[in-house]
Amino acid sequence: MRISKSRFCPMMIKRKRQYSAGSSNLTAWFNKYVDKADVSCWNSIIADLARSGNSVEALRAFWSMRKLSLRPNRSSFPCAIKSCSALLDLHSGKQAHQQALVFGFESDLFVSSALIDMYSRCGLLRDAWTLFDEIPHRNVVSWTSIITGCVQNDHTRQALLLFKHLLLIQQIDYEDVSLDPVVLVSVLSACSRVSSNRLTQCVHGLVMTRGFDGDLGVGNTLMGAYSKCGQLRLSRKVFDGMAQRDLVSWNSMIAIYAQSGLSNEALQVFYGMVKEGGFLYNAVTLSAVLLACAHAGALLVGQCIHDQVVKMGLEENVIVSTSIIDMYCKCGRVDMARKAFDSTREKNVKTWTAMVAGYGMHGRAKEALEVFYKMISHGIKPNYITFVSLLNACSHAGLLEEGWYWFNTMNHEFGVEPGIEHYGCMVDLLGRAGDLNKAYDLIKGMAMRPDSVVWGSFLGACRIHKNVKLAEISARKLFELDPSNCGYYILLSNIYADAGRWEDVERMRVLMKNRGLVKPPGFSVVELKGMVHLFLVGDREHPQHKKIYEYLETLIIKLQEVGYAPDVTSVLHDVDEEEKEMTLRVHSEKLAVAFGIMNSVPGTTIQIIKNLRVCADCHTVIKLISKVVNRQIVIRDSKRFHHFRDGLCSCGDFW
DNA sequence: TTAGGGTTAG
């Protein structure tokens, strides 16, 4: 096929629409006719690659064009520079800056704004300032760029000052509505970070008077600003009220829900996006959806998304592949996560950390350490979270020596100073290993004020090792730090009960009642044939409940034949009056397990997600069930995974 | 053409 030069660009635009999802085909097509392309064609492909998030390719195209000795014009630069800032590639950014100087476009308003943006995103706010100062006639875009630059670099005050200055030089006050809404919104995001309520309201009022119909960016920014303030409903309101939405609008809404743990809402928005059509989701959408699947433990949906990722050729995207690894780990399939991990060519700190954390939450600390060593040997520098994950892995498996070693080494060998989370892991590790005094000394020697997580792990350790004195110390701190969390009251009450101090048990019950605290009901979720079944403690709502209880009865009899005796400690010690009926009632995970076995093919794995931690009795029962019915049972509790198989649990009864 | 969307822990 021969294409004349004049027809080339319209053809390309048509192609663009077809390949909006992934641009590898587009570049292949472009490459075929590359010798016919003029500067505007190149600009067009650079802009398209940059817009579709393929910054690496966009930059490559820019430099290819330069190699061909085509003379770039003023529109060649902004997209190339934008790609540098998307990649945080300062080196290329400086090269592009140099090129812009060579061709005399450095004071072009679009080019200089892009450069300001690039420098401030790369953390060089000073260079951004120099550029800004040198612009002879600044427009609203220049101002916006520097203000957002300040916001991104956490110079919020400066951003607000600039905004006020801008208002002054425009000789308008807060009531004037002629100011560009983009500036208003960028300041709104700045305000949302410092929670400067008055100004937030003021700007919000202006945006509202001005209206943002037809201005997608303003609506999208507002959604983000509201979610940062924790105002999810307002984000949704903006989203619902938008006259038109683009890919970013949908992605923002999905991401906001997914990050807030509202997985169902995130998935609903995603389904809406697919259904309403016209929107081809991209890598950003899928990584947000994968996060929702990870939170919800929705393995089946997660697998479908994984298939989509493969179909769209997005496996090489680091963020997407990291999300896939995380999703498989949190949905109970570490080995599948490992498979995805091994087949990922590009890995960053987060990818490695996700795998370390994944092994950790499944109690496979040795493999977590192995991945960690491999990471170091690949020259990847572990970060703060890597060490939280590593220490967490050690604490789940009771690897005291390794944990202690890395806790002491992380600072001088990798320059990561132990933070409160690392202390939390160590207190957990030492405490559970029985060295309560050493754990207490560690807390007392902390550089920062211990938080409820630290005291909470210590209290948990006191329960295991039945130390009433230290338990009281930590409980006192916890009642100050987190008075509305009833878990701590129950824990302390159980410790008193273990020691036979029934008066104190009663005192705890009264205390909880006076403070109006109610224990949240435990529930378990099991996914079968694409349907999600939820069970509450002593559930009688499920249509099959009669059959489930009958089946559970027969199971328990079988278990008693192999030596099971109910562990009533977790029943007797519960402070809640109603909980005393627990002998008659049944914990949700037992119901879910029974239901799962009844309704699935023999030999298949049963997977359950629980909101609280598994109690000792359920742990014993499920271990035995796994042996009696010859099934693998996987439970994700609020902290970690338990893999029950052949009468044993992966946690080695250490949890 | 400025602004706005995604990954790792607890």
Side-chain angles (χ1 to χ4, degrees), chain A residues 47 51 53 74-75 77-79 82 108-114 116-117 139-149 151-152 180-190 212 215-225 227 238 245-256 258-259 281-292 294 314 317-327 329-330 347-358 360-361 382-393 395 419-422 424-425 428 451-454 456-457 638-640:
Chain A
R51 241 196 312 274
R74 56 197 292 274
S75 12
F77 287 97
C79 282
K82 207 177 150 190
D108 177 273
L109 281 172
F110 292 138
V111 177
S112 59
S113 299
I116 290 173
D117 181 61
N139 69 356
V140 82
V141 180
S142 335
W143 280 94
T144 312
S145 303
I146 194 72
I147 291 178
T148 353
V151 173
Q152 279 159 356
D180 193 301
V182 174
V183 183
L184 297 175
V185 170
S186 88
V187 175
L188 175 71
S189 334
F212 52 84
D215 196 336
L216 277 166
V218 179
N220 293 342
T221 312
L222 264 177
M223 283 165 60
S227 77
V238 173
R245 298 174 189 138
D246 66 355
L247 190 58
V248 178
S249 327
W250 287 99
N251 287 352
S252 301
M253 201 61 245
I254 295 171
I256 287 168
Q259 286 162 357
Y281 39 84
N282 65 358
V284 179
T285 327
L286 295 185
S287 39
V289 175
L290 283 165
L291 179 65
L314 295 171
N317 180 314
V318 213
I319 298 181
V320 172
S321 53
T322 305
S323 309
I324 289 173
I325 293 164
D326 181 51
M327 181 274 294
C329 288
K330 289 187 180 147
K347 298 184 183 82
N348 63 16
V349 212
K350 293 185 180 182
T351 321
W352 288 94
T353 306
M355 202 60 243
V356 173
M361 67 180 89
N383 67 11
Y384 191 93
I385 295 173
T386 316
F387 281 108
V388 177
S389 314
L390 187 71
L391 295 178
N392 195 37
S395 102
I420 198 148
E421 290 89 348
H422 304 110
C425 293
D428 199 53
D451 64 357
S452 59
V453 179
V454 174
S457 348
S638 59
K639 287 242 167 125
R640 59 169 297 162

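Quick note on labels: first sequence line is chain A, next is B, and so on, each numbered from 1. Reckoned from all heavy atoms, side chains included, excluding hydrogens, waters and symmetry mates.
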Worksheet item: Are the side chains of I254(A) and V289(A) in touch, meaning some heavy atoms are under 4.5 Å apart?
Response: yes
Worksheet item: Touch check for S252(A), heavy atoms < 4.0 angstrom, all strands: base, sugar-phosphate only, or nothing?
Response: sugar-phosphate
Fill in: Nearest-angstrom distance from the residue atom CD1 of I385(A) to P of dA9(B)
7 Å
Discussion item. How many whole angstroms separate atom CG of D428(A) from atom C1' of dA9(B)?
Written reply: 13 Å
Fill in: Min side-chain heavy-atom separation T148(A)-D117(A) under 4.5 Å
no
Discussion item. Counting the atoms with a prime plus P, OP1 and OP2 as sugar-phosphate, which does A255(A) contact under 4.0 Å by heavy atoms, base, sugar-phosphate, or nothing?
Written reply: sugar-phosphate
Fill in: Sugar-phosphate, base or nothing in reach of V289(A), heavy atoms under 4.0 Å
nothing
Worksheet item: Looking across every strand, which nucleic acid part, if any, lies under 4.0 Å from S113(A) by heavy atom: base, sugar-phosphate, or nothing?
Response: nothing
Fill in: Euclidean distance, atom CG of residue N220(A) to atom P of dG6(B) [Å, nearest integer]
12 Å
Practice prompt. Under the salt bridge (charged side-chain N to carboxylate O under 4.0 Å, His left out) rule, collect the residues that match up with K330(A), sequence neighbours excluded.
Written response: D326(A)
Item to complete: Whole angstrom is fine here: how far is it from CD1 in I256(A) over to P in dT7(B)?
Response: 12 Å
Worksheet item: Is there a donor-acceptor contact under 3.5 Å from the side chain of N220(A) to the main chain of M223(A)?
Response: no
Item to complete: May I ask you to say what N317(A) touches in the nucleic acid, namely base, sugar-phosphate or nothing, with a heavy-atom cut-off under 4.0 Å?
Response: base
Worksheet entry | Listed nucleotide nearest any side-chain atom of N348(A), set dT7(B), dT1(B), dG6(B) | dT7(B)
Fill in: Rounded distance (Å) that lies between atom C1' of dG4(B) and atom CD of Q259(A)
13 Å
Fill in: Side-chain donor/acceptor of D246(A) to base of dG4(B), under 3.5 Å
yes
Worksheet item: V248(A) near the nucleic acid: base, sugar-phosphate alone, or nothing, with a heavy-atom cut-off under 4.0 Å?
Response: base
Worksheet item: How long is the line joining CD of E421(A) and P of dA9(B), in whole Å?
Response: 12 Å
Worksheet item: With sequence neighbours left out, what residues match A357(A) under side chain to side chain contact (heavy atoms under 4.5 Å, CB included)?
Response: S389(A)
Fill in: OP1 or OP2 of dA9(B) under 4.0 Å from side-chain N/O of K330(A)
yes
Worksheet item: Nearest to the side chain of V320(A), which nucleotide is it out of dA9(B), dT1(B), dG6(B)?
Response: dG6(B)
Worksheet item: Checking all strands, does I324(A) fall into the base, sugar-phosphate, or nothing category for heavy-atom contacts under 4.0 angstrom?
Response: nothing
Fill in: Rounded distance in Å - CG (L109(A)) to C1' (dT2(B))
11 Å
Discussion item. In whole Å, I'd like the distance from the CG atom of D117(A) to the C1' atom of dA3(B).
Written reply: 9 Å
Worksheet, complete the sentence: Against the side chain of S145(A), the closest entry in dT8(B), dT2(B), dG6(B) is dT2(B)
